[in-house]
Every structure is written in structure tokens, then in C-alpha cells.
Engineer: 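My structure is below; once you've seen it, I'll send some questions.
Values in this document were obtained by computation on a predicted structure and should not be read as measured data. By convention in this document, chain letters (A, B, ...) are assigned in the order of the sequence lines, proteins followed by strands, and residues within each chain are numbered from 1.
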Amino acid sequence: MPRPELLEQIYTIVDQIPAGRVTTYGRIAAMTEGATARSVGSAMRHLPEGHTLPWHRVIAATRKLADHDSAQRQHELLRAEGVTFDVSGKVPAHLLWP
DNA sequence: GTAATGACTCCTT
DNA sequence: TAAGGAGCCATTA
């Protein structure tokens with residue numbers, strides 16, 4: 001579990017991802033001070049109950065979904081928002097949030 | 001203080 | 001383009 005300051009920064013950034021767009025763990029980590037991609041992943045795993053964060057818009061740098069328990073649900077949520085996936089299961093580059 | 005772990009990333013084949 | 005392996009960094013035991 002990342003430090004509280006990092007969690008706060010990570011949550012703030014994730015909350016700013018527009019619907020229908022996605023970003024990567026590394027991008028988020030780069031926007032914080034001290035966090036790494038793995039730290040961001042850890043933060044997503046420990047999301048507080050009742051949160052309203054669009055955690056499903058966070059994917060791996062390969063533009064595929066990271067391998068975790070909720071990946072299937074994440075895929076459904078993204079498709080519901082209009083995010084498309086190519087034949088190899090990757091999100092189109094133009095959907096990446098800067 | 002040391003070692004292990006993880007919703008990752010980058011650099012080679 | 002894809003697959004494999006080393007590297008990273010914060011957290012935990």
C-alpha cells in the first residue's frame with residue numbers, strides 16, 4: 001500500500017481521466033512525486049469502499065489490460081463507455097489521455 | 001537491516 | 001510485432 005500522500009495524488013489524477021479515454025500506470029506515476037507504476041497498481045488494488053474513481057480507465061503501457069482479478073469487469077466497463085479494443089485486445093493509441 | 005512482493009515498464013532478441 | 005528477462009521503487013514481513 002503506497003503512502004497516503006501518493007494515494008491522494010493518484011486518486012486526484014485518476015479522477016481527472018475523461019470518460020471514454022484511458023491512461024497508463026506509468027503516466028500516472030510520472031505525474032506524481034515518488035510513485036512508480038507498481039505503486040499505482042497497488043493503489044488501485046486498495047481502493048476504499050464507496051469510491052467513485054474511474055479506476056477502470058487505468059491500463060498498462062502496452063495498452064492492454066493489466067493481469068488482475070477485476071480485469072474482466074474492467075473490460076466490460078470500458079466497452080460500456082465506448083472504448084474500443086483491436087483484434088489483439090489493445091486500446092487504440094488515440095484514446096490515451098495525454 | 002535484509003529479503004520478498006507486486007493491477008508495471010523498458011530494453012533486448 | 002511479439003515474447004522474455006532484467007530493472008524499479010514503495011511497502012511489508
Engineer: Give a yes or no on this: more than 12 heavy atoms of other residues, nucleotides or ligands lie within 6.0 Å of atom CG of Asp69(A).
Structural biologist: no
Engineer: Would Ser39(A) and Thr36(A) count as having a side-chain donor-acceptor pair, cut-off 3.5 Å?
Structural biologist: yes
Engineer: Compute whether any side-chain donor of one residue and acceptor of the other, for Gln74(A) and His68(A), lie under 3.5 angstrom apart.
Structural biologist: yes
Engineer: So, using salt bridge (Lys or Arg N to Asp or Glu O under 4.0 Å) as the criterion, who are the partners of Glu8(A) when residues are at least two apart?
Structural biologist: none
Engineer: Rounding to an integer number of Å, can you tell me how far Ile10(A) CD1 sits from dT11(C) C1'?
Structural biologist: 12 Å
Engineer: Using a cut-off of strictly less than 4.0 Å between a heavy atom of the residue and any atom of DNA chain B, enumerate the qualifying residues of residues 68-91 of chain A by number.
Structural biologist: His68(A), Gln74(A)
Engineer: Need one value for Ser42(A): base, sugar-phosphate or nothing, where a base atom within 4.0 Å counts as base even if backbone is also close, heavy atoms only.
Structural biologist: nothing
Engineer: Identify, residue by residue, the members of residues 51-64 of chain A with a heavy atom below 4.0 Å from DNA chain B, and return them in order of residue number, or none.
Structural biologist: Trp55(A), Ala60(A), Ala61(A)
Engineer: Using modelled atom types only, decide if a donor and an acceptor are shared between the side chain of Thr24(A) and the backbone of Arg27(A) within a distance under 3.5 Å.
Structural biologist: yes
Engineer: Grab the two heavy atoms, one from Ala43(A) and one from Ile10(A), that are nearest each other, plus how far apart they are.
Structural biologist: CB-CD1, 3.9 Å
Engineer: Under 4.0 Å from a heavy atom of chain A: give me the 5'-most and 3'-most nucleotides of DNA chain B that qualify.
Structural biologist: dG6(B) to dT9(B)
Engineer: Without swapping roles, check the side chain of Arg63(A) against the backbone of Val91(A) for a donor-acceptor pair under 3.5 Å.
Structural biologist: yes
Engineer: Can you tell me the distance, in whole Å, between the CZ atom of Arg45(A) and the P atom of dT11(C)?
Structural biologist: 13 Å
Engineer: Mind checking who shares a hydrophobic cluster with Val87(A), ILVMFWY linked at side-chain heavy-atom distances under 4.5 Å?
Structural biologist: none
Engineer: Please confirm whether the backbone N or O of Thr32(A) pairs with a side-chain atom of Gln9(A), one donor and one acceptor, at under 3.5 Å?
Structural biologist: no
Engineer: Assess whether side-chain hydrogen bond (donor to acceptor under 3.5 Å, both in side chains) is satisfied between His56(A) and Glu76(A), documenting all intermediate values.
Structural biologist: CA-CA 9 Å; His56(A) 52 280; Glu76(A) 295 173 5; over 6 Å; no
Engineer: I'd like to check the ring-ring contact (aromatic ring centres under 6.0 Å, His included) partners of His75(A); sequence neighbours left out, ordered by chain and number.
Structural biologist: Phe85(A)
Engineer: Report the distance from atom NE2 of His46(A) to atom C1' of dT12(C), rounded to the nearest whole Å.
Structural biologist: 11 Å
Engineer: Take the protein atom CG of Leu6(A) and the nucleotide atom P of dA10(C), then report the distance between them rounded to whole Å.
Structural biologist: 8 Å
